Amino acid sequence: MNRLRYLISLLFIGVALVSPAQTQQGRVKTLGRPNKPGVALSGVTVRVRGAHNAVLSNAQGDFSIDMTGKKQGDAYSLQQVKKKGYELNDNGLIGRRYAFSSTVSLSIVMVSSSQLQADKQRIEDNAYKVGEKNYKEKIALLEKQRKTNQITIDQYRQQIQDLQNSFEKYQSLIDFLADHYARADYDELDEKEREINLSIENGDLNKAEQLLQQLDIVKRLADIEQRIKSGKSLMAEAEEDMARILRQQEKDAEYLYHLYTISLARFDNEKARFYIETRAALDSTNIQWQIDAGEFASEYLSDYTTAKRYIEKATRQCLLHHGDKGYEMSKCYISLGNIYYYTAKYQEAKELYQIALNIRENLYGEFHESLVEPYCCIGNVVFAQTQYDKTSARTYFKKGLNICLASKGENHQDIGACYYGLGLCDFTTGSLHKMTDEKQSQKEIADAVYDLKRAIELWQKQTREENSNIAHCYKAIGDIYLQKQDFQQAIAYNEKAVSIWKRIFGDIHVKLSDAYFSLGSIYSSIPDYDKGDYYYLQSLQMREQLLGPDHPKTVAVKKEIESLHAETKLKSKLSGEDTIEKAVEYLNNKEYKKALNTCKKIVSQLEKEDESSPEVADVYSFMGIITSMMGDRQGAIAYYNHALLIWEKTNTAHHHDAAISYLMAGQLFLLDEQYAIALQYGTAALEIFSELEGVELLDIAKCHSLVGKASLMTGDLQKSKEHLEKAIKIQTEVNGGVDKDTKDLQTILDAVNQYIDKNRKQ
C-alpha cells in the first residue's frame, strides 16, 4: 500500500498549484501481524532531507512536516525515521522521492526488531523443514529412476547436480524469503490472503496452493498474461479507477510471489521462473520486481544475460523516479555486482559494491545495518581476488561485523555470516604464515577457531536443527585441527559436519564426499590405515557416482588411496628396527649417516621382493633428500633419478613425492649449470603440483623460481619474466612481505626486464 500511495502521489508532480497549508501530514504505525494488528506508534523521529529540525509522531502516530516554500507536487525525501527498538519495514523509504501533497498523507510502517527476528526465525525453521523433505523425496525418485534404468547414468549425474545446486541456492535464499513474509503487513490483507500468507509462513505449502486455486488464480494468470501480451497500459484505462487497478495489480503480484515461493521449495525452477518473470512483466516500472527476477536468473539459472537485462531495467526506473542516490539504486548496484562476481569479473564487481556502499553511507551514515551487505560483498570479492593472504578481505568482514555489533547487538543471528567470513580469512592467512612466522600463525589460527565457533553459536540460535552453514563451520574447524595435528578434535568436528549433511542431504552428496575425504586424511595421518582406507573409499564411491570416474576430485581420491596402499604395503614388508620413521628421526637429529644407512637397509629388504616397486622409489627419493643435506650433490641427483625412473616405469610419477624429487634434482642441476635439464625438471615438478590438491604454495613458488632462472640462462627472457613474477607474487603474499629470497628474485627480474627493454629498442 505504501507503493500505491506513492504511485498515486506521482500524478500530482508538476502541478503548479500553491497549497493553502504548507505542511505534509503523515502517520506512523506498527506492522500488522497474524495475531497482533498494527497500532499507532508515537515518539518516532522523522526528518526531511534539507530540513533543520526533526518532528516526532504523537500518541496517535501523527506528525506534520513544515513544507514552507514548496508547491503541491514538489519532490521531497526523508533523511531519517528512527525509534529505538524499531526499524523501517521498507528501508527504501529513506532517500525515495515523494510528491508533496496537503491532502494525501504519508504512511510509514515500522516493525519491532525483536518481533521481526522472532518471525523470521520461525519462518526459516519451517522453510528448512519443507526444503529438506522435498529434497529427499526428489533424491529418492532419482535413485529409483537410476536403478530401474529409466534415466541414464549421465542424466542421473546431471539431474542430481542440478537438484543439489537448487537446494543449496534455496537454502541461501531462505533468509530473504523469510524476511519478505516476516514483513507482510496483515492489516492490508483480506481474510483469504491472511490465510495464504500464514500457510506459507508455517510451511504448509499444499494448503497455500489450494487457497490460491480457490482465488481462481489460473484465470487471473491468464488475464495477466493477456494484459502483458497486448501491452495494455494502466494509464490508458482512463475509464477505470486508478486506485482499484493498482490495488489489484499489487494483489496479483503477491499471488505470483506466493506461487514462486512454493515452486522454489519444490525445486521446480521452470515454474518459479515463469511466476517471477510474469510478476516482473506485470509492471516493468516496479524496481523490486525487476531485481527479484534478475536475481533468480542469476542465482538459480546462471543466466547472467537475462539477469543483467532485468537489473538494468530496474536501474533505469531508479534513475527515472528516484535519482541515482536512493536505496533502490544501491540494491541495483549490488545485484549487478553479484553478476560480475559470479562471472569472476572481480574488479567490476568491487567497483559496483563500493558505489552501493557510498550511497548507503550518504543515506544512513557510517554505522547503519544496511552497510553490512556491501561490506561483506566487497570482502567476498577481495577474498576471491587474493589467492593467498586474506588480510585485506578480513578488513571488510571486520567492518561489517563492527556495524552489526553496534546496530544489532552481539547475539544477533545475522552476525554469524560476518564471523564465518572472518574465520575463513584467519584460517587461510594463518596457514600461509605457518612457515614464516609461527607465533603470528598460531594467533591467526586461534582467531579462526573462535570466529567459526562464534558463527556456530549464533546460527544455532536461529534454527531448531543445525543447517548446512553450521556444517561448513564444523568442517572448517576440523580442517584447522587436522593442520594442528590434533587428530581427535579433527575427527570430532568432521563427524559433526557429516551428521548434519547426512540428515539434510541423505547418504550421497558432494559435500559429504568432501567430509569423508577429510576423515580419510585424518585417519591416514594417525596412522589408522584401515579407517583411512574406509573413508577414502566412501568418498570415492560418492564422487564416481555423482561426478564420474575421470573428474579431478574423483582422481584425487584414487591417488590418495594408491598412496595409502603403498604405505601399508611398505610397512608390511619391513621387519626389525629399520623403518622410515627411524630414518626420519635420525634426519631430524641431523644424524645424516645413520639416516642414510637405515634407508639403505630398508631398500635392501624391499629389493629382494621387487626392485622396481613404487615403495623402493619412495625410499630412494628420501635418500636423495638426505644426501643433498650432506652436501653430496651428485649422489643426491643419482638417488632422485633412480626414484623417478622407477615411478615413470610403473606409471606412478604423478604424486607429491615425485614432484619434490623433480624440484630438488632440478635445483641441483641449476647449481651445476646444466640449465636445460634444470628447466625440464622444474617444468615437470610444476605440472605435477598443478594437478594435486593441498600443495604447499611455497613449493609452487620454488618451481616458478627454478623455471624462471633456468629460462633466463637458456635465453627465453619472456618465459623467465612470467615465472619469476609468479614466484615473487606467491612468496610476497605467503610471507606477508618481502624476505631476502624474494628480494634476490626481484633483482633477477629487474635484470630480465632490462634485457627485454634493450632487445625491444634494438
Side-chain angles (χ1 to χ4, degrees), residues 343-348 350 381-393 428-429 431-433 435-436 628 633 637 640 644 653-654 656 658-762:
T343 52
K345 296 178 180 177
Y346 297 127
Q347 193 54 41
E348 293 93 330
K350 185 179 177 183
V381 167
V382 176
F383 192 98
Q385 281 180 310
T386 53
Q387 191 173 358
Y388 312 116
D389 193 337
K390 308 296 184 181
T391 305
S392 299
T428 306
T429 306
S431 300
L432 295 174
H433 289 161
M435 297 181 66
T436 58
S628 177
R633 194 183 300 168
I637 288 175
Y640 286 135
L644 290 167
H654 282 263
H656 185 272
I660 289 291
S661 295
Y662 273 120
L663 174 60
M664 300 288 280
Q667 290 173 334
L668 296 176
F669 280 122
L670 187 70
L671 291 173
D672 277 349
E673 300 182 5
Q674 298 184 59
Y675 303 123
I677 301 177
L679 178 60
Q680 176 189 343
Y681 276 53
T683 302
L686 188 58
E687 287 176 354
I688 295 172
F689 277 138
S690 299
E691 296 176 1
L692 302 177
E693 292 183 357
V695 175
E696 289 286 348
L697 295 170
L698 286 176
D699 285 339
I700 296 284
K702 288 173 185 174
C703 291
H704 283 302
S705 175
L706 174 58
V707 173
K709 291 173 183 176
S711 296
L712 170 61
M713 302 310 294
T714 55
D716 192 338
L717 297 178
Q718 200 58 47
K719 186 173 183 178
S720 176
K721 172 184 169 68
E722 174 190 337
H723 286 279
L724 288 171
E725 285 176 342
K726 288 179 179 178
I728 290 168
K729 184 175 185 295
I730 294 172
Q731 289 184 185
T732 301
E733 293 191 8
V734 169
N735 297 329
V738 179
D739 59 4
K740 183 182 181 302
D741 184 45
T742 308
K743 286 180 181 177
D744 292 341
L745 285 180
Q746 186 62 55
T747 301
I748 298 172
L749 178 60
D750 291 341
V752 170
N753 285 328
Q754 288 177 6
Y755 289 138
I756 291 173
D757 290 341
K758 185 177 179 180
N759 291 342
R760 190 181 295 122
K761 289 175 183 177
Q762 290 176 347

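Worth saying up front: this structure is predicted, and the values here are computed from it rather than measured.
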*asked:* Show the nearest heavy-atom pair for residues A710 and Y675, with the distance to one decimal.
replied: CB-O, 3.7 Å
*asked:* Quick check: closest heavy atoms across S392 and V382, and the distance to 0.1 Å?
replied: CB-CG1, 3.7 Å
_Just checking Y755: does its OH atom have more than 12 heavy atoms from other residues, nucleotides or ligands closer to it than 6.0 angstrom?_
no
*Nearest-0.5 Å distance, NE2 of residue H704 to CZ of residue F689*: 11.0 Å
_Checking the side chain of S720 only, and the main-chain atoms of D716 only, is there a donor and an acceptor separated by less than 3.5 Å?_
no
*Output the distance between atom CG (L686) and atom CD (E691), rounded to the nearest 0.5 Å.*
10.5 Å
*asked:* Please find the pair of heavy atoms, one from Q731 and one from A701, that lie closest to each other, and give the distance.
replied: CG-CB, 3.8 Å
*How long is the gap from CG on L706 to OG on S711, to the nearest 0.5 Å?*
8.5 Å
*Provide the full list of salt bridge (Lys or Arg N to Asp or Glu O under 4.0 Å) pairs with a residue in residues 662-686, sequence neighbours left out, each pair given once.*
R633-D672
*Between E725 and K729, is there a salt bridge with N-O shorter than 4.0 Å?*
no
*Evaluate side chain to side chain contact (heavy atoms under 4.5 Å, CB included) for L663 paired with Y681, printing each intermediate quantity in order.*
CA-CA 6 Å; L663 174 60; Y681 276 53; over 6 Å; no
*asked:* Once rounded to the nearest 0.5 Å, what's the spacing between atom NZ of K758 and atom CD of Q754?
replied: 9.5 Å
*Could you go step by step and tell me if L745 and K709 meet the side chain to side chain contact (heavy atoms under 4.5 Å, CB included) rule?*
CA-CA 9 Å; L745 285 180; K709 291 173 183 176; 3.6 Å; yes
*Side chains of Q746 and D750: is there a donor and an acceptor less than 3.5 Å apart?*
yes
_Distance, nearest 0.5 Å, that separates OH of Y662 from CZ of F669_ = 11.0 Å
*Looking only at heavy atoms, which two atoms of L724 and V752 are closest? And how far apart?*
CD1-CG2, 4.0 Å
*Side chain T683, main chain L679, donor-acceptor under 3.5 Å*: yes
*Measure the CE-OG distance between M664 and S628 for me, rounded to the nearest 0.5 Å.*
5.0 Å
*So which heavy atom on G682 is nearest to which on C703, and how close?*
O-CB, 4.3 Å
*asked:* Please give me the minimum heavy-atom distance between K721 and N753, naming the atom from each residue.
replied: NZ-OD1, 3.0 Å
*Please confirm whether the backbone N or O of K390 pairs with a side-chain atom of T429, one donor and one acceptor, at under 3.5 Å?*
yes
